[in-house]
Amino acid sequence: MNLFNVITLFPNLIDEWKNTGIISQAIKNNIIEINSVNLRDYGTGSYKQVDDAPYGGGPGMVLMPEPLDNAINSTNVNINVFLTPSGAELDESLISELLEFESINLICGRYEGFDQRILDLHSDYEVSVGKSVVSGGEVPAMYLLEALIRRIPDVLGNPESLINETFTDNKVDYPVYTRPEKYKNLEVPDVLLSGNHQKIDEWKKNNLKDI
Ligand SMILES: C[S@@+](CC[C@H](N)C(=O)[O-])C[C@H]1O[C@@H](n2cnc3c(N)ncnc32)[C@H](O)[C@@H]1O
């Protein structure tokens, strides 16, 4: 069973998402476990403070090291993955690398991000989901988990879904169609309706595009 802990100030986002689609199915089938860890529970003082103004001035607040340190130390996992916009850009080869680990903490930033010392202490990977900045690490963490979890054996109903998928062998998947055969003057290619499996396979192969 693969274990994923998501350390976040917004555990409700993760808990809601956990109940959807293949993620909830994989949890029900005991293939994965996902826990949200509420960073606020590890805040300091009676206000459960988790952030403070940056040394040297500047806009926004910075996540303090101590609450994150305590939240991370409350878990027992193989690796800590921090979501940062400047991290290694996520792609299928990084997903393959991360799939080597059975238990992972995903640590979500907010505001101006993490005090550098928490990265120095605990970071095994910094991962970015793309060259744009969003307001928090939760959506990037869910994106990363969706990409990881669908590649764990037995998660997808049909494992063939992973074959020929976009990015496999630097190709873009062939176009797909469903009913009706004609929609607003646009028709499904004849070959897909022919029942000739050899021709259909050829068509699919010929319609994989290079990236
Ligand atoms: C507003 S961002 C902080 C940006 C930071 N000041 C900077 O310029 O690098 C707050 C948090 O959102 C998350 N985040 C934002 N964009 C991301 C991206 N492209 N990939 C992964 N995480 C991201 C990170 O966890 C980050 O700590």
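Rounded to the nearest 0.5 Å, atoms CG (Leu63) and CG (Asp51) are 6.5 Å apart. One distance of note links CG of Leu98 with CD1 of Ile79; it measures 5.0 Å at 0.5 Å rounding. With rounding to the nearest 0.5 Å, the separation of NZ in Lys18 from CG in Leu145 is 11.0 Å. Distance CD1/Ile14 to CZ/Phe4: 12.5 Å, rounded to 0.5 Å. In this structure, the separation between CD1 on Ile27 and CE on Met1 is 10.0 Å, given to the nearest 0.5 Å. Taken from OG in Ser161 to CG in Leu156, the straight-line distance is 5.5 Å, to the nearest 0.5 Å.
The list of side chain to side chain donor-acceptor pair (under 3.5 Å) pairs with a residue in residues 117-130, not counting sequence neighbours, reads Asp69-His122, Thr84-Glu126, Glu97-Tyr125, Asp115-Arg117, Gln116-Asp120. Counting only residues at least two apart or on different chains, no side chain to side chain donor-acceptor pair (under 3.5 Å) pair has a member in residues 187-199.
Ile31 and Leu3 fall into different hydrophobic clusters, where Ile, Leu, Val, Met, Phe, Trp and Tyr are joined by side-chain heavy atoms under 4.5 Å apart, directly or via other members. Linking ILVMFWY residues whenever their side-chain heavy atoms come closer than 4.5 Å, directly or via other members, leaves Val62 and Leu119 in distinct clusters. Under the 4.5 Å side-chain heavy-atom criterion for Ile, Leu, Val, Met, Phe, Trp and Tyr, Tyr42 and Ile118 are members of the same hydrophobic cluster. When hydrophobic clusters are built by joining Ile, Leu, Val, Met, Phe, Trp and Tyr residues whose side-chain heavy atoms come closer than 4.5 Å, directly or via intermediates, Phe167 is not grouped with Leu162. Both Phe82 and Leu13 are part of a single hydrophobic cluster, where members link through side-chain heavy atoms under 4.5 Å apart.
Thr20 is not listed as a side-chain neighbour of Ser24, based on a closest heavy-atom distance of 4.5 Å or more. Considering only heavy atoms from C-beta on, Pro54 stays 4.5 Å or farther from Glu112 through its side chain. You'll find the side chain of Glu16 stays beyond 4.5 Å of the side chain of Asn12, heavy atoms only. Side-chain contact between Ile32 and Asn2 is present, with heavy atoms from C-beta onward closer than 4.5 Å.
No more than 12 heavy-atom neighbours from other residues, nucleotides or ligands sit within 6.0 angstrom of OH on Tyr183. Counting non-hydrogen atoms of neighbouring residues, nucleotides and ligands closer than 6.0 angstrom, the CD atom of Glu181 reaches no more than 12 such neighbours. For Asp201, the CG atom counts as densely surrounded, since its 6.0 Å shell holds more than 12 non-hydrogen atoms of other residues, nucleotides or ligands. Atom CG of Asn206 has more than 12 heavy atoms from other residues, nucleotides or ligands within 6.0 Å. Annotation: Glu102, atom CD; neighbour count of heavy atoms from other residues, nucleotides and ligands within 6.0 Å does not exceed 12. Atom OH of Tyr143 is surrounded by 12 or fewer heavy atoms from other residues, nucleotides or ligands within 6.0 Å.
The two atoms that bring Val50 and Gly43 nearest to each other are CG1-CA, 3.9 Å, heavy atoms only. The two atoms that bring Met64 and Thr44 nearest to each other are CE-OG1, 3.6 Å, heavy atoms only. For the residue pair Ile23 and Ile149, the shortest heavy atom distance occurs at CD1-CD1, 3.8 Å. The heavy-atom pair separating Pro140 from Val134 by the smallest distance is CG-CG2, 3.8 Å. When every heavy atom of Leu106 is checked against every heavy atom of Ala141, the shortest pair comes out as CB-CB, 4.4 Å. Nearest approach of Pro189 to Trp203, heavy atoms of both residues: CG-CZ2, 3.8 Å.
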Exercise for the section: Decide side-chain contact (heavy atoms from CB on, under 4.5 Å) for Leu9 and Arg40; before the verdict, give the C-alpha distance in whole Å, the side-chain angles of both, and the deciding distance to 0.1 Å. Expected result: CA-CA 6 Å; Leu9 281 171; Arg40 186 67 62 189; 3.9 Å; yes
Exercise for the section: Take Leu94 and Val127, measure what side-chain contact (heavy atoms from CB on, under 4.5 Å) needs, and give me the verdict at the end. Expected result: CA-CA 9 Å; Leu94 182 51; Val127 174; 4.1 Å; yes
Handout entry: Residues Leu208, Val172; criterion side-chain contact (heavy atoms from CB on, under 4.5 Å); working and verdict
Key = CA-CA 6 Å; Leu208 292 171; Val172 175; over 6 Å; no
Exercise for the section: List the steps and the verdict of side-chain contact (heavy atoms from CB on, under 4.5 Å) for Thr178 and Val188. Expected result: CA-CA 8 Å; Thr178 187; Val188 175; over 6 Å; no
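Under the 3.5 Å distance criterion, with hydrogens and angles disregarded, a donor-acceptor pair is assigned to the side chains of Ser103 and Asn78. Under 3.5 Å, the side chains of Trp17 and Glu138 contain no donor-acceptor pair of N or O atoms. Under the 3.5 Å distance criterion, with hydrogens and angles disregarded, a donor-acceptor pair is assigned to the side chains of Glu33 and Asn35.
One finds a salt bridge joining Lys171 and Asp210 here, because a Lys/Arg side-chain nitrogen approaches an Asp/Glu carboxylate oxygen to under 4.0 Å. Ionic pairing of Glu92 and Arg151 is present here: one or more N-O contacts between side-chain nitrogen and carboxylate oxygen are shorter than 4.0 angstrom.
Val37 pairs in a side-chain contact (heavy atoms from CB on, under 4.5 Å) with only one of the listed residues (Ile7, Ile107, Val6, Ile72), which is Ile7.
Side-chain atoms of Asn158 come within 3.5 Å of backbone atoms of Glu160 as a donor-acceptor pair (strictly under, hydrogens ignored). Judged purely by atom type and a 3.5 angstrom limit, Thr8 uses its side chain to pair as donor or acceptor with the backbone of Phe10.
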